[in-house]
Amino acid sequence: MEHIVIIGNGISGVTAARHIRKLSDKKITIISAETDYFFSRTALMYVYMGHMNFEHTQPYENWFWEKNNINLKKGYVKTIDTNSKTLHFAEGDTLTYNKLIIATGSKPNKFGWPGQDLKGVMGMYHKQDLENLEFYAPNNKVCKHAVIVGGGLIGIELAEMLNSRNIPVTFLVRESSFWNGVLPDGESEMINRHIKNHHIDLRLATNLKEIIPDENGKVKSVIIEETGEEILCDSVGLTAGVTPNIDFIKDSNIETGKGVKVNRFLETNIPDIYAIGDCAEQHEAIGNRRPIEAVWYTGRMMGETIAQTICGNKMPYNPGHWFNSAKFFDIEYQTYGWVHGSKNKPDYEQHFHWKHDDDTKCITIAFDKNTNAFLGINTFGIRMRHETFNTWLTEKRPVDYVINHLAEANFDPEFYKRYEKDVLKAYTNQFQTV
Amino acid sequence: MSNQTTHKSMSLVKPEANDLSVKQKIAVAIGAMGLLVLALAIFNTNFPNKTTFLTLSLAAIALGTILFANDAYLTKSEGIKNDGVWFKSISSRGVLAWITGILLTGFYIILYFFPQYLGQTPSGEPNTGLISLFDPLSYLLSGNPASQWFVYGTLYTVAILVFGYKFMLKYRHNRYEQLRTISVMFFQLGFAFLIPELMSRLNASPDYNLPYYDLKSMWPLNYYLFDSWSINGLLSSGALGFIMLMFGIISIFVISPFLTYKYGKRWYCSWVCGCGGLAETAGDSFRHLSSKKLSAWKLERWLIHTVLVFSVVMTTAVIYTYLGSDPNKFWLTRSAFLLGVGILLTLVFSITMIFKRHELGKDARYGAIGYFVLIAALFIMHYTGTSDKIFLIKASALRSVYGLYIGSIFSGVIGTGFYPILGNRVWCRFGCPMAAILGFQQRMFSKFRITTNGGQCISCGNCSTYCEMGIDVRAYAQKGENIVRSSCVGCGICSAVCPRGVLKLENDSLKGRINANEILLGNDVDLLDLINSK
């Protein structure tokens with residue numbers, strides 16, 4: 001029987017395994033060095049905040065794997081021998097495969113800062129990072145102050161986590177406004193204010209110079225690049241993005257760049273070896289997407305696709321319209337289609353921006369200023385329906401249509417106040433259309 | 001392999017943020033003083049001015065809760081407030097939770113089985129102890145001295161009101177939660193507490209002999225509606241009594257199926273019902289304790305439907321016996337009644353099996369067939385004369401067994417006493433026959449569902465964790481499937497705690513209500529077509 005081995009038990013690898021099991025009775029083994037069972041990485045923050053226990057982050061009960069005949073192996077793959085199709089584990093044992101799926105995800109970026117490997121310095125990605133944080137920042141007695149370096153989605157989540165235990169936080173953001181490489185200015189500035197409202201010491205356009213140790217090799221303070229200011233702290237979170245977690249592959253015959261190089265069929269240069277999820281790098285970017293997409297949903301979609309290919313129904317990875325979501329403290333964010341921040345905005349893209357007076361809700365709608373075609377929407381504090389926007393994007397609806405039919409896309413709970421009329425009024429005022 | 005089931009926080013040191021603030025400590029002290037007055041009354045402290053002390057006691061309990069809630073929620077920005085839920089002793093099955101559970105359970109046991117310890121005396125003699133403390137309020141409302149049920153009803157109503165206030169502050173960003181809570185507070189205060197008390201004033205007149213009747217409490221939750229004392233009371237209370245009886249019957253067969261069709265069973269379970277009202281307010285801190293295991297779901301389905309069958313058999317027997325007591329009194333004869341019940345049950349069973357068979361799991365079909373055969377057998381034995389008693393056992397025996405084990409022990413002692421250990425909806429989930437009927441209607445022919453938002457789910461588990469009914473909401477959401485479950489009471493918390501805007505409670509068309517997606521939204525449409533056409 002064909003043996004499919006998957007390295008990595010995250011959303012990509014587990015989705016692949018589940019779909020291969022649905023489509024076939026091949027032997028399946030999932031390998032992980034991180035945890036015994038699949039858990040939702042994005043939910044780790046809620047464990048630290050006390051919303052959930054760790055087992056609540058596991059989407060399947062522990063009997064699920066045996067019942068579905070999916071073998072789980074805990075171990076760390078040290079090398080891959082592609083000639084003999086053998087995995088060598090750090091623990092000394094080996095495992096042979098017929099087909100191999102690499103789904104090892106990411107690891108936090110470290111940019112060579114002095115002191116980046118000190119005790120008390122950590123990323124927020126793996127379960128082990130969470131255990132580290134519990135050790136170095138269990139409360140505001142042990143951790144009197146924390147510094148976060150890097151203003152992306154993980155950075156703001158870490159700020160929310162520390163805040164939930166009343167640990168004072170200084171948040172160093174390289175950009176001039178939070179996440180403005182992605183978000184348009186109006187939105188980014190609203191989130192700046194929201195972060196400050198939660199008593200976070202937000203430092204924009206600020207870089208880390210170095211991390212200073214105490215006599216025990218534990219972090220004592222950080223030095224700011226621009227001002228030379230020293231900030232005393234007991235732990236440092238490095239959240240300046242992630243990189244594919246593929247060091248163990250570098251010595252093999254498998255072609256790598258930043259990630260494992262794959263074609264549209266998610267095939268590597270070696271037959272019978274595939275890569276999916278955060279660690280896969282497309283030879284050429286698909287549409288406006290980046291060659292490496294470190295997002296939950298794309299990992300899941302690649303897992304669904306690779307399962308088809310492995311089970312004899314060869315299929316390219318063909319993602320539909322872009323979508324994503326996040327939560328910034330109390331403000332939910334969803335995006336459908338493409339809305340670019342000011343740095344990366346193409347010439348043809350024009351924005352309509354509406355913000356509620358309470359400073360917790362806004363939307364930005366992008367459209368083509370030549371054709372008036374709707375390109376995408378960012379929505380903050382108002383939930384929108386994925387299916388509706390997906391349809392409108394496929395049908396290439398004009399922006400006027402979208403503004404006039406916004407109510408159809410609303411996904412807020414019943415009885416919530418609605419803002420479609422305000423939005424329409426603002427739109428009419430801004431663009432003088434009827 | 002063992003998984004950290006007992007893990008609380010991974011740290012050895014207690015997270016600091018979850019200690020009580022000074023204001024919260026003061027609030028707890030004020031509330032505790034209110035409870036202390038009640039405790040002293042139990043131990044027969046004779047308060048000089050009962051009106052003053054009762055007022056002081058209830059006001060202190062209310063004030064303590066209000067001050068506590070204000071400090072806990074109004075000092076923070078609007079949003080989800082679940083920080084530290086699994087660290088706090090009271091909400092994570094810690095020592096405080098066990099102490100609270102034992103005290104509550106003890107209170108229910110005394111209330112149901114040893115009311116003399118609360119100061120209940122043989123009729124005619126004045127009350128003593130705790131019950132006598134409530135005499136002034138009872139005289140004010142109904143003109144009668146208090147009973148253990150009056151004490152219970154008052155405390156129950158106070159709990160729903162003050163914890164309802166707390167819940168509304170906690171969800172002050174969420175209008176669905178606010179309106180729902182106002183609704184349960186209104187129905188508890190008005191329909192369950194004030195109206196029945198005021199109605200009993202009518203009984204001072206010889207024209208009225210009304211039984212205690214909570215207007216919103218429907219059969220079979222109100223399992224004593226068809227007891228002979230209840231029917232006799234209603235029928236001997238003129239037009240009003242007759243209207244009330246008719247309202248009770250119409251509620252069962254017309255009003256409730258219609259509302260459940262339009263809105264799902266939430267119209268009752270989380271907007272009107274008193275049991276649900278207490279669970280949603282005082283029980284809110286324990287909602288995450290319900291078991292989400294598949295095994296718990298299996299137990300739930302067998303248990304709740306067994307209780308339903310029990311209550312149908314019991315009620316049929318009670319009415320049958322009642323009809324027999326005076327054959328000339330009613331147009332309805334015993335055998336016509338039995339035939340009617342038999343036809344109704346057969347109709348429900350046949351229609352379900354013919355039209356909805358494919359929507360039911362195998363075990364649900366077997367269960368339905370099993371129960372149907374059981375009831376049919378009882379009917380046949382009766383008609384063929386194998387047994388001269390309806391359903392083998394005397395109706396009165398059935399009725400008292402039901403009242404003791406289901407009405408008292410299950411719904412009260414276990415259902416509420418175990419809040420801090422098993423979660424706040426144990427009775428609603430495993431035992432309530434009313435929930436079983438409404439759930440059946442919801443599953444079979446309601447417009448209600450929880451819609452999943454395309455491919456946005458990140459499987460974080462907040463929805464499942466905070467589902468008080470133990471539904472594994474995530475299992476559906478991460479597959480892009482709508483949630484259509486008979487047990488869902490529509491509290492809306494899964495939607496509220498979702499960090500990605502994935503869940504929405506909706507009433508929409510019946511078509512496409514239950515959807516199974518092979519591939520989630522996000523992958524290209526060609527793929528979707530391909531998989532679906534397979």
Side-chain angles (χ1 to χ4, degrees), chain A residues 11 36-37 40 42-43 46-47 49-59 61-62 130-131 134-135 138-142 164-166 197-198 296-298 300-301 304-305 308 313 315 318-320 323 325-327 329-330 332 334 383-387 390 394 411-417, chain B residues 1 3-5 7-18 77-80 82-88 173-176 179 288 293-294 451 453-456 458-462 464-465 474-475 478 492 495-497 499-501 504-506 519-527 530:
Chain A
I11 179 65
D36 294 328
Y37 299 102
S40 174
T42 49
Y46 299 108
V47 177
M49 290 164 72
H51 295 207
M52 292 194 272
N53 284 333
F54 180 73
E55 61 265 27
H56 294 124
T57 68
Q58 298 177 165
E61 287 187 62
N62 294 348
L130 183 72
E131 284 157 7
E134 283 286 3
F135 185 81
N139 57 41
N140 58 14
K141 297 253 164 33
V142 175
S164 77
R165 296 201 185 178
N166 290 348
N197 284 343
H198 283 82
W296 178 271
Y297 319 98
T298 51
R300 193 197 67 224
M301 279 145 51
E304 290 168 354
T305 310
Q308 296 289 331
N313 180 22
M315 187 172 283
N318 204 15
F323 68 96
S325 62
K327 193 172 181 188
F329 285 92
D330 298 316
E332 287 174 25
Q334 295 181 333
R383 294 176 173 179
M384 300 280 185
R385 209 178 279 265
H386 187 177
E387 201 179 352
N390 202 61
T394 302
F411 202 71
D412 268 341
E414 294 153 298
F415 305 115
Y416 267 43
K417 198 167 170 349
Chain B
M1 193 176 293
N3 200 33
Q4 310 164 315
T5 41
H7 141 126
K8 301 269 187 286
S9 160
M10 288 190 208
S11 65
L12 298 172
V13 201
K14 188 164 159 277
E16 205 58 42
N18 304 296
S77 64
E78 293 181 15
I80 295 305
N82 287 333
D83 288 352
V85 162
W86 286 97
F87 302 147
K88 293 172 191 157
H173 60 291
N174 189 318
R175 282 185 78 194
Y176 180 78
L179 290 174
H288 52 283
K293 288 188 180 143
L294 189 65
T451 307
N453 200 6
Q456 288 279 26
I458 52 167
S459 303
C460 72
N462 273 295
S464 295
T465 304
R474 165 175 59 191
Q478 67 190 358
S495 163
V497 297
R500 294 292 190 274
K504 178 174 166 66
L505 281 64
E506 286 188 298
I519 298 283
L520 283 179
L521 197 57
N523 254 342
D524 188 82
V525 184
D526 294 342
L527 182 60
L530 199 122

Would you mind checking which part of B:Ser459 comes under 4.5 Å of any heavy atom in chain A, side chain (CB onward), backbone (N, CA, C, O), both or neither? both
Separation of A:Glu414 CD from B:Arg175 CZ (nearest 0.5 Å): 12.0 Å
Please determine whether a side-chain nitrogen of the Lys or Arg among B:Lys504 and A:Glu387 lies less than 4.0 Å from a carboxylate oxygen of the Asp or Glu. no
Between A:Asn197 and chain B, which part of the residue has a heavy atom less than 4.5 Å away: side chain, backbone, both or neither? neither
For a quick test of reading the model, state the closest non-hydrogen atom pair linking B:Ile458 to A:Tyr297 and the distance between them. CG2-OH, 3.6 Å
Distance in Å, A:Met49 CE paired with B:Trp86 CH2, rounded so as to fall on 0.5 Å steps: 16.0 Å
Heavy-atom closest pair, residues A:Val47 and B:Phe87: O-CZ, 3.8 Å
For side-chain contact (heavy atoms from CB on, under 4.5 Å), just list the numbers for B:Arg500 and A:Glu332, CA-CA rounded to whole Å, side-chain angles, deciding distance to a tenth of an Å, and then say yes or no. CA-CA 7 Å; B:Arg500 294 292 190 274; A:Glu332 287 174 25; over 6 Å; no
If you count heavy-atom pairs within less than 4.5 Å of chain A, which of B:Asn453, B:Asn82, B:Thr465 leads? B:Asn453
Top residue by heavy-atom pair count (under 4.5 Å) with chain A, among B:Gly79, B:Gly501, B:Gly461, B:Ala496? B:Gly501
When rounded to the nearest 0.5 Å, the distance separating CG of B:Leu179 from CZ of A:Phe415 is 5.5 Å
Do you know which two heavy atoms are closest between B:Cys460 and A:Met52, and how far apart they sit? O-CE, 3.1 Å
Answer with side chain, backbone, both or neither: which region of B:Arg474 has an atom nearer than 4.5 Å to a non-hydrogen atom of chain A? side chain
Answer whether the closest heavy-atom distance between the side chains of A:Asp330 and B:His173 falls below 4.5 Å. no
For chain B, the option from A:Ala326, A:Ala43, A:Gly50 that forms the most heavy-atom pairs under 4.5 Å: A:Gly50
Shortest non-hydrogen contact from A:Ser325 toward B:Gln456: OG-OE1, 3.2 Å
Report yes if the side chains of A:Phe329 and B:Ser77 come closer than 4.5 Å at any heavy-atom pair, otherwise no. no
Rounded to the nearest 0.5 Å, the CD1 atom of B:Ile80 sits from the NE2 atom of A:His51 at a distance of 8.5 Å
